[in-house]
Amino acid sequence: MTEIEVPPYFLCPISLEMMKDPVTIPTGITYDRESIEKWLFTDKNKNCPVTKQVLSNPDLTPNHTLRRLIQSWCTLNASNGIERVPTPKPPVNKSQITKLLNEAAKSPQMQTKCLKRLRSIASASETNKRCIESSGGVDFLASLVKNNSTSTSLEACDHDGFEVTKPSDEALSILFSLQLSESALKSLAVKNGEFIESLLNVLRVGCDESRAYAVLLLNSILEVEEPTQLLALKLEFFVELVQILHNQISPKASKAALQLLINVGPWGRNRVKAVEAGAVKVLVDLLLDSSEKRACEMILTALDQLCQCSEGRAELLSHGAGLAVVSKKILRVSKAGSERAVRILLSIAKYSGSSKVVQDMLQLGVVSKLCLVLQVDSGSKAKEKAREILKLHARVWKNSSCVPIVLLSSYPS
């Protein structure tokens, strides 16, 4: 940052940048608050970066002595363009959060002020977010979402007639910004059994921004849910999920919805419910329009899961572009994407390979693409499955004029 040499003990061991708010963790090592908070809370590491010791209690104690030394050094080097590090605001404590939540119960106006204050506190540091979480803030915010999520109209307008955000929308936004710990997410699912239903209500009637936050929170909650809970998902859950994908509210919301489909796909009759909700058609349409690597991989993964049931395969085959677009993505996305696309074609060829489907795969160039997979660096898994598909219907495909001679040379015996 400057040619002036910075004393090594002023540098954060993680980022090697000068500390602005030095804090010491239980292992005795001092870090910059922002860097160690990101390490522990955002990146969810549980050990000290230097000693590798597991931190059962990640308390961060301000190192005031080191901070004053850094500030003094900055002042001495001000003539060299070094700006003085400001004294950081102390993190919020539990009693402050508790007092704020108690005041919110007094009136709607105090509730609004509380939400604004919680947002400000949460944005200040990761430590503040964890303090809100451990002081009852999550239950308070979840209750607002539950109490207001069924409303389809705006709560109110201010004295100038401008729209005022509903408390439930603001609460939902803050809940997402807290980046809740696994224990807090499990608590939302267990202690507040109605909360998931509330999020589904938001998906049905909420504004686009709230619907995006709702699907992102649902994804986080269901990732830590017990598998038995994933067996009982209702058809309406998949209907709303598919609607999010259809509406394309935002890239983050779409990827969260795709991840949800993938996460719940292996359980119970979830695949059939997703197909009934129209997932296959929407996924094929998305695949037609998508060129982004990660999005294509996720869409192909979801389609691969759905094509493991007969209903899913039937839907893919009934879509005019289903087979063609899956084949087209082979060798155009990534090795992982190619493998998933070939897996989809294997499910079709193996379990739904009627004479018409076999001919369609030939006419649409699917067979040629599978032969090409054997000739190029497409990954061992993709090659293995392509070879299996070609062997399944070799009697029809092997000597077909639809396959170029240069590709037929690689046809497996």
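Just so it is clear, the model here is predicted, and its values are computed rather than measured.
Atom CD1 of Ile405 has 12 or fewer heavy atoms from other residues, nucleotides or ligands within 6.0 Å. In the displayed structure, His319 atom NE2 is contacted under 6.0 Å by more than 12 heavy atoms of other residues, nucleotides or ligands. Within 6.0 Å of atom CD in Glu34, 12 or fewer heavy atoms from other residues, nucleotides or ligands are found, so the atom counts as exposed in its surroundings. The number of heavy atoms from other shown groups lying within 6.0 Å of NZ (Lys44) is above 12.
Classification of Glu170 and Arg119 as a salt-bridged pair holds, one side-chain N sitting under 4.0 Å from a carboxylate O. Ion pair Lys129/Glu126 flagged as a salt bridge, since at least one NZ, NE, NH1 or NH2 atom sits closer than 4.0 Å to an Asp/Glu carboxylate oxygen. For the pair Arg204 and Glu236, the salt-bridge criterion is met [side-chain N within less than 4.0 Å of a carboxylate O]. For Glu225 and Lys186, the salt-bridge test fails: no basic side-chain N is under 4.0 Å from an acidic carboxylate O. Using a 4.0 Å cut-off between charged side-chain N and carboxylate O, Lys335 and Glu339 make no salt bridge. Between Asp21 and Arg67 there is no salt bridge, since no side-chain nitrogen of the basic residue lies less than 4.0 Å from a carboxylate oxygen of the acidic one. Salt-bridge formation is detected for the pair Lys255/Glu292: a Lys NZ or Arg NE/NH1/NH2 atom is positioned less than 4.0 Å from an Asp or Glu carboxylate oxygen. Under 4.0 Å is where a charged nitrogen must lie from a carboxylate oxygen, and between Arg294 and Glu297 at least one such pair does. Salt-bridge check for Arg343 with Asp304: passed, with a basic side-chain N closer than 4.0 Å to an acidic carboxylate O.
Summarising the geometry of Pro412 relative to Leu374, their closest heavy-atom pair is CD-CD1, 3.8 Å, with the distance given to 0.1 Å. Nearest approach of Pro13 to Ile29, heavy atoms of both residues: CG-CG2, 4.2 Å. The shortest heavy-atom contact between Leu203 and Arg211 is O-NE, 3.0 Å.
You'll find the side chain of Lys381 stays beyond 4.5 Å of the side chain of Val342, heavy atoms only. Ser254 has its side chain out of reach of Leu286: every pair of non-hydrogen atoms, C-beta onward, lies at least 4.5 Å apart. Put simply, the side chain of Val367 does not reach to within 4.5 Å of the side chain of Ser400, judged on heavy atoms. Within the 4.5 Å cutoff, the side chain of Glu133 has heavy atoms near those of the Ser181 side chain. Residues Val23 and Ile36 are in side-chain contact: their nearest non-hydrogen atoms beyond the backbone lie under 4.5 Å apart. In this structure, Asn201 and Val145 have side chains that are not in contact, with every pair of non-hydrogen atoms separated by 4.5 Å or more. A heavy-atom distance below 4.5 Å is found between the side chains of Arg33 and Thr127. No side-chain heavy atom of Leu233 sits under 4.5 Å from any side-chain heavy atom of Trp267.
Atom CG of Leu141 sits about 4.5 Å away from atom CG of Leu175, to the nearest 0.5 Å. Remark: Leu217 CG to Ser210 OG distance equals 10.5 Å, nearest 0.5 Å. Atom CG of Asn219 sits about 11.5 Å away from atom CG of Leu199, to the nearest 0.5 Å. Gln111 contributes atom CD, which lies 4.5 Å from atom CG of Leu144 (distance to the nearest 0.5 angstrom). To the nearest 0.5 Å, atoms CG (Asp285) and NE2 (His246) are separated by 8.5 Å. Leu306 CG to Leu316 CG: the interatomic distance, rounded to the nearest 0.5 Å, is 9.5 Å.
For Asn147 (side chain) and Ser143 (main-chain N/O), a donor-acceptor pair under 3.5 Å exists by modelled atom type. When atom types are taken as modelled, the side chain of Trp397 and the backbone of Val358 share a donor-acceptor pair closer than 3.5 angstrom. In this structure a side-chain-to-backbone donor-acceptor pair under 3.5 Å is missing from Asn128 to Ala124. Ser198 places a side-chain N or O within donor-acceptor distance of the main-chain N or O of Glu194, the cut-off being under 3.5 Å. Side-chain atoms of Ser410 come within 3.5 Å of backbone N or O of Leu407 as a donor-acceptor pair. The backbone N or O of Val224 sits nowhere less than 3.5 Å from a side-chain atom of Glu182 that would complete a donor-acceptor pair. Side-chain N or O atoms of Asn270 include one that pairs as donor or acceptor with a backbone N or O of Leu230 at under 3.5 Å. No donor-acceptor pair closer than 3.5 Å links the side chain of Asn45 to the backbone N or O of Leu40. Side chain of Gln375 to main chain of Val406: a donor-acceptor pair is present (N/O by atom type, distance under 3.5 Å, no hydrogens or angles). One N or O on the side chain of Ser134 and one on the backbone of Arg130 form a donor-acceptor pair closer than 3.5 Å.
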Applying side-chain contact (heavy atoms from CB on, under 4.5 Å), run through Leu245 and Leu283 and close with a yes or a no. CA-CA 8 Å; Leu245 289 171; Leu283 290 172; 4.3 Å; yes

Before you tell me yes or no, could you show the steps for Thr61 and Thr24 under side chain to side chain donor-acceptor pair (under 3.5 Å), namely the whole-Å CA-CA distance, both residues' side-chain angles and the distance that decides it to 0.1 Å? CA-CA 5 Å; Thr61 304; Thr24 303; over 6 Å; no

Could you walk me through whether Phe140 and Leu115 pass the side-chain contact (heavy atoms from CB on, under 4.5 Å) check? CA-CA 10 Å; Phe140 167 73; Leu115 288 170; 4.2 Å; yes

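Scanning for salt bridge (Lys or Arg N to Asp or Glu O under 4.0 Å) contacts around Glu240 gives an empty result, with sequence neighbours left out.
In summary, the side chains of Gln308 and Ser347 do not present any donor paired with an acceptor at a separation below 3.5 Å, with no hydrogens or angles considered. Counting only N and O atoms by type, the side chains of Ser378 and Ser338 include no donor and acceptor under 3.5 Å apart.
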